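Predicted model only: the values in this text are computed from it and were never measured.
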Amino acid sequence: MTEASVEKFKSLSPSEFFYRNKEIAGFSNPARALYQTVRELVENALDATDSHHILPDIKVIIKNEVETPTSGLVGLSEAFEGGLYSVQVEDNGIGLPPSHVPRAFGQLLYSSKYVLRQTRGMFGLGAKMAVLYGQITTGKPAEITTSQVTSKRVYYYRIGIDVINNTPIIHEAATYMKTNDWHGTIVKIYLVGDWQRSKQKIYEYLKRTAIIAPYANIYFEDPDGEIMLFKRSTEEMPPPPREVQPHPYGVDLEMLKMMAATTKASTLVEFLYKEFQSVGITTANEIVQRSGLRPDLKPSDLTLEDLMKVLKAIKETNVKPPRADHLSNLGEKLIEIGLKESLKPEFVKAVTRKPSVYEGHAFIVEAGIAYGGRIPPSDKDFIPLLRYANKIPLLYDEAADVMRAVVRNIDWERYDVVFPAPLVVLIHICSTKVPYKGVGKEAVADVPEVEREMELAVKEAARELKSYLNMKAREREEAEKAVTIAKYIPNVSRSLSRIVGKVSEEVLARELLNMLNKRLTSFKIKNLSDVFVGVE
Ligand code: ADP
Ligand code: MG
C-alpha cells in the first residue's frame, strides 16, 4: 500500500465544524459578519424581552475600534480585509442565570430554545457564531454583562471558545451588587467587519425589525456617530409564546424512541395521551388498538418494531390538528400600525390567516399590503417585499424564498393595480418549526401548505386594496363632476335669483356650494386634493 492511499479519519466538534464552515451560518466575509452579528444579538435581545412580555428597550452600538500596540491588534485589518469594530447590544430582558452564561456564549449548540415554543432563535448557534468569528478575527473574547429580574447581582464574563473541544473558555468572571433594579443583558463582541459594505443592510434590518415589533424601542448608534431611534408606536404586544408538546403527526421513529425512553408514563396508553398534544384517552386507545400492542406495555420496554407499529397506527388514526394557540403571531392591528408608521401609505390592510399545518407543525401566515402615500412606485417584478419568519426580517436570498414566488405569481392586474405602482407587500410566517432553507435563516423553503397559505393571505389583502382602489376611482369621478358643476354655480345662481327674485345671488351660490362641499367631505378618501388644483 502506498503512503498516499492511507486516509486519515477524524471527527469534528460542532465548534470546529462551524469554524470551518462559517458561511453556512451567515459569517462569510467582514461585511456579512458585521450584519449577522448585529442580527443574532438583536434577535436574542428581542427573545429575552417580548417572549416574556417585557416591552423591549434595545440599544445597539457599533464602534470603530482603534488598533493600538497595547491592544495587540495592530495589522489585523490588513490580515483580514475590513476594519476593527465592536458590536454591543443591550436589552432589558430576563437576563441569564450566571451558571449558564459560559455555555450559552461559548459552546455551540447550547440553547434554552430547544423546546417547542416560537422564538427567533432555534439552532443554538447565533451568539456563539458571533463570539467565534470575533475570536478568529481579533483574538478577543466576548464580554457579557447580565442580571436576572429577581437577582440582586450583576454578572460579568469574558468568554471565548475552545474550538477543538467545543467548550467555553472563561477569561474573566466577576460579580457586583446591583445598585438599581436593572435587569437584562449586554453583549459586546469585537470583530473585523466592514461597515461601508454592510451599512445599508444593517439599517434596513433595523427598520424592518421596527415594523414587525412596533412595541419596541430600538436605539442605534453607528460607527459614523449617527444616532437613529426607532420609537415604539404602541404598547400592545402579541401574547408571549408558550411551550407545547409535540403533535403525533410531527414525530418520526427516532423522536418516538427518545420520548419513550425518557417518559414518566408507565403504560403505552398513558404515554400517548400525556406526552402528545391533541391526543386524549379515546384517541390514545384507538392508536394502541390499531397497533395491535398491549395498552399496558411499559414505554421503555417498547422495541424498535413496536415503535414502528405505533408510528404506523398514529398515521392511520384521525388526530385533531395541532394547536396553534402557542404561536405568537403579530395580528392584523399591529402589522397595520407597523406599516403605517414606517411607510406612511394612504392605504394599509393586514390579514392573519387561521392556523394551518405542515408535517405535524402548526403555523400561521400573516400578510400586509401598503399602498400609495409616500411609497415610491415600482415595477411588477420589483414589488418591495418585507419577509419575516417568527418576527425576524429576512434580507438575503430573496430569490430563493417561497414568499417572492408567491408575490410574483399573483395576477396584480386582477386587483386593479396598475404598474408602476406604489405597493409594498409584507409576509410573515410563525411556527415552532419554520421551514428555513439553511441555518443562516434567510429564506423559507417552498412547502406547499405554507405557499398556499401565503398566497391566500396576500390575495385576501389584495381584495381589500381592490375595493379601496375602486372606491377611490368612483369618488374621484364624482369629485371631477363636482368641479365641473361648481364652475356653473355663479351663472346659475345669478339667473335663478333673477327669475325667482327674493333670494340674492350670493345666498344661492353659497347654498349650492355648501351642498357640493357636503358631498365631497363625506368621501371616504380624503386625498383627492389634486382634483381641485386651480379651482376656488
Ligand atoms: P439560540 O438563540 O438559537 O438559542 P444563541 O447562541 O443565540 O442560540 O443563544 C444561546 C442561548 O443564550 C439562548 O438560548 C438564551 O438562553 C441565551 N441568551 C442569549 N442571549 C441572551 C439575552 N440577550 N438575554 C437572555 N438570554 C440570552
Ligand atoms: Mg439566538
Side-chain angles (χ1 to χ4, degrees), residues 47 51-53 94 97 99-100 103-104 109-124 238-329 354-364 390 429-435 447 449-450:
D47 274 344
S51 297
H52 300 271
H53 217 75
I94 53 165
S99 59
H100 288 285
R103 280 188 291 170
L109 310 186
Y110 188 82
S111 170
S112 64
K113 302 173 195 168
Y114 291 149
V115 288
L116 283 183
R117 185 179 51 164
Q118 181 199 321
T119 46
R120 295 169 178 83
M122 61 193 288
F123 297 121
R242 279 187 291 118
E243 191 183 334
V244 283
Q245 293 174 317
H247 188 277
Y249 287 169
V251 300
D252 54 24
L253 193 59
E254 199 55 40
M255 188 163 165
L256 201 62
K257 197 164 91 187
M258 288 192 282
M259 289 175 72
T262 53
T263 181
K264 289 200 182 77
S266 50
T267 68
L268 176 55
V269 178
E270 192 188 345
F271 168 61
L272 290 172
Y273 75 74
K274 282 218 169 132
E275 301 282 355
F276 292 94
Q277 57 161 301
S278 309
V279 178
I281 296 187
T282 323
T283 313
N285 276 317
E286 204 181 318
I287 294 172
V288 174
Q289 209 171 22
R290 199 163 269 137
S291 72
L293 298 167
R294 282 205 343 262
D296 59 347
L297 272 176
K298 224 175 132 198
S300 54
D301 289 346
L302 292 168
T303 64
L304 205 56
E305 210 175 309
D306 294 340
L307 289 168
M308 278 166 85
K309 283 183 188 156
V310 175
L311 203 60
K312 189 161 170 281
I314 285 174
K315 305 276 181 244
E316 288 166 6
T317 307
N318 203 352
V319 183
K320 272 186 294 179
R323 297 164 40 161
D325 55 355
H326 62 286
L327 296 178
S328 172
N329 64 305
K354 284 215 188 72
S356 190
V357 184
Y358 82 94
E359 291 167 18
H361 310 291
F363 69 95
I364 291 180
N390 284 354
I429 173 172
C430 293
S431 179
T432 47
K433 187 156 187 325
V434 173
V447 176
E449 294 90 335
V450 169

Margin query: Test side-chain contact (heavy atoms from CB on, under 4.5 Å) on Val319 and Phe276; report intermediate values, then the result.
Written below: CA-CA 11 Å; Val319 183; Phe276 292 94; over 6 Å; no
- Under the side-chain contact (heavy atoms from CB on, under 4.5 Å) criterion, do Thr119 and Asn390 qualify, and how do the steps go? CA-CA 7 Å; Thr119 46; Asn390 284 354; over 6 Å; no
Exercise for the section: Assess whether side-chain contact (heavy atoms from CB on, under 4.5 Å) is satisfied between His326 and Thr432, documenting all intermediate values. Expected result: CA-CA 9 Å; His326 62 286; Thr432 47; 3.6 Å; yes
Check step by step if side chain to side chain donor-acceptor pair (under 3.5 Å) holds for Glu286 and Thr282.
CA-CA 6 Å; Glu286 204 181 318; Thr282 323; over 6 Å; no
Exercise for the section: Take Phe123 and Lys113 through the side-chain contact (heavy atoms from CB on, under 4.5 Å) test and state the conclusion after the steps. Expected result: CA-CA 8 Å; Phe123 297 121; Lys113 302 173 195 168; over 6 Å; no
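Scanning for salt bridge (charged side-chain N to carboxylate O under 4.0 Å, His left out) contacts around Arg103 gives an empty result, with sequence neighbours left out.
Judged purely by atom type and a 3.5 angstrom limit, Ser278 uses its side chain to pair as donor or acceptor with the backbone of Pro321. Between the side chain of Tyr110 and the backbone N or O of His100, no donor-acceptor pair lies under 3.5 Å. Between the side chain of Glu275 and the backbone N or O of Thr263 there is no donor-acceptor pair closer than 3.5 Å.
Nearest approach of Val288 to Pro295, heavy atoms of both residues: CG1-CA, 3.6 Å. The two residues Ala284 and Val279 come nearest to each other via the heavy atoms N-CG1, 3.8 Å. The two atoms that bring Pro246 and Met259 nearest to each other are CG-CE, 3.6 Å, heavy atoms only.
Contacts classified as side chain to side chain donor-acceptor pair (under 3.5 Å) and involving residues 242-258 (residues at least two apart or in different chains) are given here: Arg242-Asp325.
Put simply, the side chain of Tyr114 does not reach to within 4.5 Å of the side chain of Met122, judged on heavy atoms. Counting heavy atoms from C-beta on, the side chains of Phe363 and Pro355 never come closer than 4.5 Å.
No donor-acceptor contact under 3.5 angstrom links the side chains of Ser328 and Gln118, judged on distance only.
One distance of note links CG of Asp47 with CZ of Arg117; it measures 7.5 Å at 0.5 Å rounding. Taking NZ of Lys433 as the reference point, atom CG of Leu116 lies at 10.5 Å (rounded to 0.5 Å). Note that the OG atom of Ser431 and the CD1 atom of Ile364 stand 9.5 Å from one another [nearest 0.5 Å]. Once rounded to the nearest 0.5 Å, the distance linking CD1 of Ile429 with CG of Asn329 reads 11.5 Å. Between the CG atom of Leu293 and the CG atom of Leu268 there is a distance of 6.0 Å, given to the nearest 0.5 Å. To the nearest 0.5 Å, the span separating OG1 on Thr317 from CD1 on Ile287 amounts to 5.0 Å.
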Identify each donor-acceptor pair in which a side-chain atom of residues 306-314 lies under 3.5 Å from a protein atom, sequence neighbours left out, and give them as a table.
residue : atom : partner : partner atom : Å
Asp306  : OD1  : Thr303  : OG1          : 3.4
Asp306  : OD2  : Thr303  : N            : 3.1
Asp306  : OD2  : Thr303  : OG1          : 3.2
Lys312  : NZ   : Glu316  : OE2          : 3.2

